[in-house]
Student: 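Once you've had a glance at the structure underneath, I'll fire off some questions.
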Number of protein chains: 2
Amino acid sequence: MREREQEQSSANGPIYLRVRDQIADQIENGLLQPNSRLPSERVLAESNHTTRVTARLALAQLEAEGRIYRSNRRGWFVSPPRLVYNPTEDYSFSDNVVAQGRVPATETLDVTTIEANAWLAAKTGLAEGDPIVRLHRRRQIDGRSVLVENIYLNARRLPGIETFDFNRSLWKLMREHYGLELARKQIEMFPTALVDPQAEALGVNAGTAGLYVTRCSRDNEGCFVEFDEEFWLHDTLSIQVDVR
Amino acid sequence: MREREQEQSSANGPIYLRVRDQIADQIENGLLQPNSRLPSERVLAESNHTTRVTARLALAQLEAEGRIYRSNRRGWFVSPPRLVYNPTEDYSFSDNVVAQGRVPATETLDVTTIEANAWLAAKTGLAEGDPIVRLHRRRQIDGRSVLVENIYLNARRLPGIETFDFNRSLWKLMREHYGLELARKQIEMFPTALVDPQAEALGVNAGTAGLYVTRCSRDNEGCFVEFDEEFWLHDTLSIQVDVR
């Protein structure tokens, strides 16, 4: 806000938006390739004959739009294409990433057995106190962390699930070891801000824009199997649905 | 950033997040009702024994999460529930808002006949230069502006469409006057930042978080009918899909 007040404007509106337009054009024309590093604030300011305050506003705007991202104080980089996600299709994160020519990775951060609290009971239909295996994972695309997730599994429906290796597709594990096909999924998605601990796990500032996705899955008998709560970086996902 | 550096922290993390938690609890417990006004920054700071800088950080965090919104310098208000939108179902904005017990309104801001440019040709399958009627509308829920949209209509498929009243459901107009049922829709949604002119039309600062939604609709023969580009405020919509 304070910076905004210092920002100059011209007859064509605020100067930072003109700097933004120039950089956005360079990205769209391929002069700046995905994952390539942008010039420093100082260089951007000089080459646009403006101040570093203005250059920083232009970069913040491009970040908010999902066109560039900041990486661990190493500078600003051009965002790669968003991963296309169709909630009506039945594929795993890993298969979807590979199908789009990119490289997935999954890290299991924590596995704990807990009891369902009131919130989880309402989300899953279990009773408060029922046993749940909570899995905390971070997932990457091409080496960039794009989401952290909490997966809540029905421990009675999936006995011994906590002993498996979770750095792989959970759906394949369910199919192969429990003969389980997920029959019904309720999915909810909305924009939100990432706070800690999710922001910290993704290496971004608290308050960074994100997309919150939940998915509640049941088996053929309607029995609750899995509730997945995902926190995505705002610039990594595009939701696409084709309705006929 | 500068404010963040001045912010105090305690053993339990930054103080602004504790203030945020208290206000969020009051909202969840119904002590603060939807659309009710929050106490001023000064009052919040005093009642939480902290500074106005800290109170402001807590409010900004709650805004980013979609729990509160700012209205025309009249102060901060509790966000009403998000409108549920199921992209796989076929209903109009107005019908959907009414079905959720709320009051829709639509304002037509502009109607112009244009020629398809390269971007529109790629989105619609029309040839560059083909005639398109562009409709610019703002839509409200319970008196709050929640989205602005650009609708691009195939002028050859809908002759005379520019002469109708657009402050109503376009889909009903197509059905009743053109005998047209939309047979196929391709929908894309992703988080973004609102810039001018959309931000201005919604009465928010440029850079406010938003959700970008496009919908391309065709008739039974696959002929392009309508391309709708919507800019939603980030805290007004929840996308829900039920997959069986």
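For clarity, every value in this text was computed on a predicted model and none was experimentally measured. Letters A, B, ... are given to chains in the order of the sequence lines, protein chains preceding strands, and every chain is numbered from 1.
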Student: Side chains of A:Ile151 and A:Leu170: does their closest heavy-atom pair fall under 4.5 Å?
Tutor: yes
Student: Between B:Arg157 and B:Tyr178, what is the shortest heavy-atom contact and its length?
Tutor: O-CD2, 4.4 Å
Student: In terms of side-chain heavy atoms, does B:Asn86 have a donor or acceptor partner in B:Thr88 at a distance below 3.5 Å?
Tutor: yes
Student: Got a sec, which residues hit ring pair (Phe, Tyr, Trp, His ring centres under 6.0 Å) with B:Phe77, two or more places apart in sequence or on another chain?
Tutor: B:Tyr69
Student: How would you list, in number order, the residues of residues 184-191 of chain A that have a heavy atom less than 4.5 Å from chain B?
Tutor: A:Arg184, A:Lys185, A:Gln186, A:Ile187, A:Glu188, A:Met189, A:Phe190, A:Pro191
Student: Just so I know, are the side chains of B:Tyr91 and B:Tyr85 near enough to count as touching, which here means a heavy-atom distance under 4.5 Å?
Tutor: yes
Student: Answer yes or no: is there a side-chain heavy-atom contact under 4.5 Å between B:Gln198 and B:Asn150?
Tutor: yes
Student: Could you tell me which residues satisfy side chain to side chain donor-acceptor pair (under 3.5 Å) with B:Gln100, sequence neighbours excluded, listed by chain and number?
Tutor: B:Asn96
Student: Chain B: which of A:Ala60, A:Ala64, A:Pro87 shares the most heavy-atom pairs with it under 4.5 Å?
Tutor: A:Ala64
Student: Would A:Gln61 and A:Glu65 count as having a side-chain donor-acceptor pair, cut-off 3.5 Å?
Tutor: yes
Student: What parts of residues 213-238 of chain A touch chain B if we use heavy atoms and a cut-off under 4.5 Å?
Tutor: A:His234, A:Leu237, A:Ser238
Student: With a 4.0 Å cut-off, would you call B:Arg56 and B:Glu63 a salt bridge?
Tutor: no
Student: Taking all non-hydrogen atoms of both residues, which atom of B:Asn35 and which atom of B:Pro80 are closest, and how far apart?
Tutor: OD1-CD, 3.8 Å
Student: Side chain, backbone, both or neither: which part of B:Arg244 has a non-hydrogen atom closer than 4.5 Å to chain A?
Tutor: both
